[in-house]
Amino acid sequence: MSFVRVALDVPLPTLFDYTVDEFVAPGMRVLVPFGRRQMVGVVLECINTTEVLPERIKTVSAVLYDSDPLSSELLKLLCFCSDYYHYPVGQTVLSALPTRLRSDKPLTTKSILHYRLTGKGVVLNMADFPQRKSVARKMIAKLQVHACTLAQLKRLSATASTQLQWLEREELVESFEATPLRAVPATNHSFENAHPLTSEQQLAVDSVNGIEGYACFLLHGITGSGKTEVYVHLMDSMLQRGGQVLMLVPEINLTPQLEGYFRSRFPEAVLVSLHSGLSENQRLHNWQLAQSGAAQIVLGTRLSIFAELPGLSLIIVDEEHDSSYKQQDGLRYSARDVAIFRASQCRVPIVLGSATPSLESYHNAQTGRYRMLKLTGRAQVDARLPTVGCINIHQAVMHEGISEKLLRAVEQRIARGEQSLLFINRRGYAPVLMCTECGWLSDCRHCAGKMVLHLQEQRLRCHHCGYQLRVPKACPDCGNAGLHPLGSGTQRVESILQERFPGARILRVDRDSTRNKRAWKTMREQIHANEVDILVGTQMLAKGHDFPALTLVGVLNPDSALYSSDFRAAEKLFAQLMQVAGRAGRADKPGEVWIQTAFPDHPLFRCLQNHDFEGWAAAQLSERQMAGFPPFVFQVMLRAEGMVEAEVYAYLHQARAVAIELKHDIEVFGVVPAVLARRANHVRAQLLIQAATRKGLQQFMREWKPLLDTLPTKKLRFSLDIDPLEF
Ligand code: ADP
Ligand code: ZN
Ligand code: ZN
């Protein structure tokens, strides 16, 4: 009899043994009985003996043949993640798969209508073909390379359908049914070269291309220095060698734009995207295109690091510092770090790109673990870096939080037909409502946070738990009618601007105004068509967008991050401000950035004014080294939350005591409340432990984790976070 060890989506750190009468191999999906249910699992091992008693062992119900087995490479990667992040192996393996592969409904791979040249079409002499039929010509040229679906042909022109009918009537093209995986040979590609590379770009491209096997590169290039162009050239060389390229990007928002851009540069290549915005079927389809090797370029958010890529030859992580690479629940992985592991496992190069690298990566590049590649100038000759200045809010004339100086600058832009962006990282009208008589504040009754005033909707809303109320007419405590909004959010800034510039076209971009799926796309089009004079927005606007008419950026309220209890807050602020500043003046118009602050002499703003990332990073790193913070130490955070405060703390104190007893060379901090000490009626607290080396931390974890699993947890929710980013 033979046995298999199966990974199942259950919160236990083990595999489950079953007998099986058919042939199976690791990586295959199986249906097995578990409790009273049938579950889909993945076979990780085939074995000859098992410790499960013969009368207790169950049999695999079915071996699923509707998808190709997972490669041993991917299984190894997933086991590494389970091990490193101390997350149950079954949940790790299954959470990496597209939803459709996790369900017990059989997959039907639908065949799709494709088009190809007929015999007559193949021998057609293009010289005899009507010149004016330019769309039909393009379609024939494309079909000479490979068969296409209607969707692929439509990308050539909006009139593709009509032209296709004509070609079919002329018997030059015919349709046939095929499953998409087989239909697309991925051998050739063409590459649209855009500009000659600058010498720095060329050096970067040559360095990566010169590598055999694994190496990690940090491409540090200021905004507008042409990092994307470096990626495109690297992709070109990898595709020429017949390899697959995986490119990770931080946000779904960015993928449709980038996808279009890469398609225009590689018109023949098979390019797929992988992100949570796709339908389940689309995601499965794209995943399978990657798995079959047909997809040459895979563009995706963090989850795409777990795509099957048999021909992987390069990984690119754009905006590598971005915190959305870190998953904040379930398997708390960093897609960037997993990407580095995967590259070394597959012996391929990896490029981490950013204008503001994370201090971890920057430190690694300085100490020689990574290789530094620098782009120090803007790629377009006439594009200059913006000038950055501070406005001291204690000395300036202010109007409800916006300085007269900044308002004047906006006014100038309106007169010149240019765009301004006011950046404030807070949505809603005001972060809190206050009673001027008794000092009542709009606390959330379920959380330790404040309810945010949303004036348009006349609501107070908690951004942590979603609880909302109508805005009270009078103070709930003393009955006074004088309730005042404190501070500003995007809505308030919008209304101040509306009052001051009644004729201006103002667009607010935050999570509220873009809740509708299409909204953000429409807004981007409006911005590009110059139908907007002033943009008011949160960090959504800071990332990767190219708005050519934008020449002024005002930063309204950055100070809270300067003295935050989170030691990474300043690093994040610097990166964010550098990114927003990078939005100004990209084309031929010079940009101007004004930061409103109470601390104009703070080193962060000084470095920003001089566009001095190096200086900033050096100062931060030496501070971190003195304080004993990452990247000089390695951390794990145990978080717990529950309805009863005493239980939460008792659990964490026990966990702490157990950790100390192990007598490892680690530092165990005290149990402390989370930054938001109560959320949705749950008390939240945490325990931080750190070690001087990654290895030391892992050795400790291997002993501590099994002990943690034995602690009574009652009804607590708890999680382990290795290399935590948020405090
Ligand atoms: P980054 O990603 O580093 O912010 P981009 O790749 O978006 O920069 O490049 C900024 C602009 O410079 C783009 O408009 C791009 O087309 C242009 N560009 C890139 N490389 C070159 C080059 N070698 N010569 C001229 N223009 C370039
Ligand atoms: Zn009151
Ligand atoms: Zn709340």
Side-chain angles (χ1 to χ4, degrees), residues 192-205 219-235 247 249-250 254 257-258 261-262 264-265 316-320 351-357 373-386 431-452 459-469 472-484 542-548 578-588 613 676-682 684:
E192 303 287 323
N193 206 341
H195 336 264
L197 293 179
T198 65
S199 56
E200 284 183 324
Q201 285 173 323
Q202 189 66 54
L203 185 66
V205 170
L219 178 62
H220 177 205
I222 58 170
T223 42
S225 61
K227 293 185 287 298
T228 315
E229 200 59 28
V230 172
Y231 304 151
V232 167
H233 278 260
L234 289 173
M235 287 178 178
M247 174 157 167
V249 293
L254 297 180
Q257 279 170 295
L258 269 180
Y261 179 72
F262 285 117
S264 73
R265 300 300 298 274
I316 296 166
V317 183
D318 193 25
E319 308 290 355
E320 67 87 27
V351 178
L352 312 178
S354 177
T356 49
L373 302 170
K374 285 198 183 205
L375 305 179
T376 54
R378 284 201 153 178
Q380 288 165 327
V381 199
D382 48 2
R384 272 170 291 158
L385 285 171
V432 59
L433 192 63
M434 188 183 99
C435 169
T436 45
E437 275 303 310
C438 73
W440 170 88
L441 294 171
S442 55
D443 291 311
C444 174
R445 71 160 80 158
H446 305 290
C447 303
K450 305 275 179 267
M451 310 257 297
V452 175
R459 303 227 149 223
L460 288 174
R461 267 197 204 133
C462 173
H463 288 184
H464 301 295
C465 72
Y467 178 66
Q468 43 177 304
L469 283 175
K473 297 252 179 311
C475 172
D477 279 0
C478 73
N480 161 40
L483 294 179
H484 273 272
K543 289 179 187 173
H545 307 291
D546 199 351
F547 302 137
M578 198 102 163
Q579 300 277 342
V580 252
R583 302 293 131 237
R586 284 174 68 101
D588 47 345
F613 177 83
L676 189 67
R678 193 165 57 98
R679 181 166 73 190
N681 297 319
H682 283 71
R684 311 161 80 228

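As the structure lists them, so they are numbered: ligands from 1, and atoms in each ligand from 1.
If you check the side chains of Q579 and T223, you find no donor sitting under 3.5 Å from an acceptor.
Once rounded to the nearest 0.5 Å, the distance linking OH of Y467 with SG of C444 reads 7.5 Å. The distance from the CG atom of L375 to the CD1 atom of I222 is 8.5 Å, given to the nearest 0.5 Å.
Of the heavy atoms in L197, only backbone atoms (N, CA, C, O) come closer than 4.0 Å to ligand 1. Contact annotation for Q201 and ligand 1: only side-chain heavy atoms (C-beta onward) come within less than 4.0 Å of the ligand. At a heavy-atom cutoff of 4.0 Å, ligand 1 is contacted by both the backbone and the side chain of K227. When heavy-atom distances to ligand 1 are checked against a 4.0 Å cut-off, L375 has no atom that comes that close, whether in backbone or side chain.
Of all the listed residues (S354, G226, P196), G226 holds the heavy atom that lies closest to atom 8 (O) of ligand 1. For the residues G582, G353, G224, the heavy atom positioned nearest atom 10 (C) of ligand 1 is part of G224.
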Inset, instruction - Mind running side chain to side chain contact (heavy atoms under 4.5 Å, CB included) on M235 and I316 for me, showing each step along the way? - result: CA-CA 9 Å; M235 287 178 178; I316 296 166; 4.1 Å; yes
Legend entry - Criterion side chain to side chain contact (heavy atoms under 4.5 Å, CB included) on H682 and H446, from CA distance to verdict: CA-CA 8 Å; H682 283 71; H446 305 290; over 6 Å; no
Inset, instruction - Apply side chain to side chain contact (heavy atoms under 4.5 Å, CB included) to the pair R461 and M451, showing each step before the final yes or no. - result: CA-CA 5 Å; R461 267 197 204 133; M451 310 257 297; 5.9 Å; no
Inset, instruction - Take E229 and R265 through the test side chain to side chain contact (heavy atoms under 4.5 Å, CB included) and record every step on the way to the result. - result: CA-CA 10 Å; E229 200 59 28; R265 300 300 298 274; 2.9 Å; yes
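Short contacts between ligand 1 and T198, defined as distances under 4.0 Å to a heavy atom of the residue, involve ligand atoms 23 (N). Atoms of ligand 1 lying under 4.0 Å from any heavy atom of I222, numbered from 1 in the order shown and given with element: 3 (O). Within ligand 1, counting atoms from 1 as listed, the ones closer than 4.0 Å to a heavy atom of T228 are 2 (O), 5 (P), 6 (O), 7 (O).
Between T223 and ligand 1, no pair of N/O atoms sits closer than 3.5 Å.
A salt bridge does not link K227 to D318: none of the charged nitrogens lies less than 4.0 Å from a carboxylate oxygen.
Here C447 reaches the Zn ion (ligand 3): one of its N/O/S atoms is less than 2.8 Å from the metal.
For C444 atom SG and C465 atom SG, the angle they make at the Zn ion (ligand 3) is roughly 110°, to 10 degrees.
Contact between G353 and Y231 at its shortest, heavy atoms only, is CA-OH, 3.4 Å.
Residue-ligand proximity: S225 is placed with a non-hydrogen atom under 4.0 Å from ligand 1.
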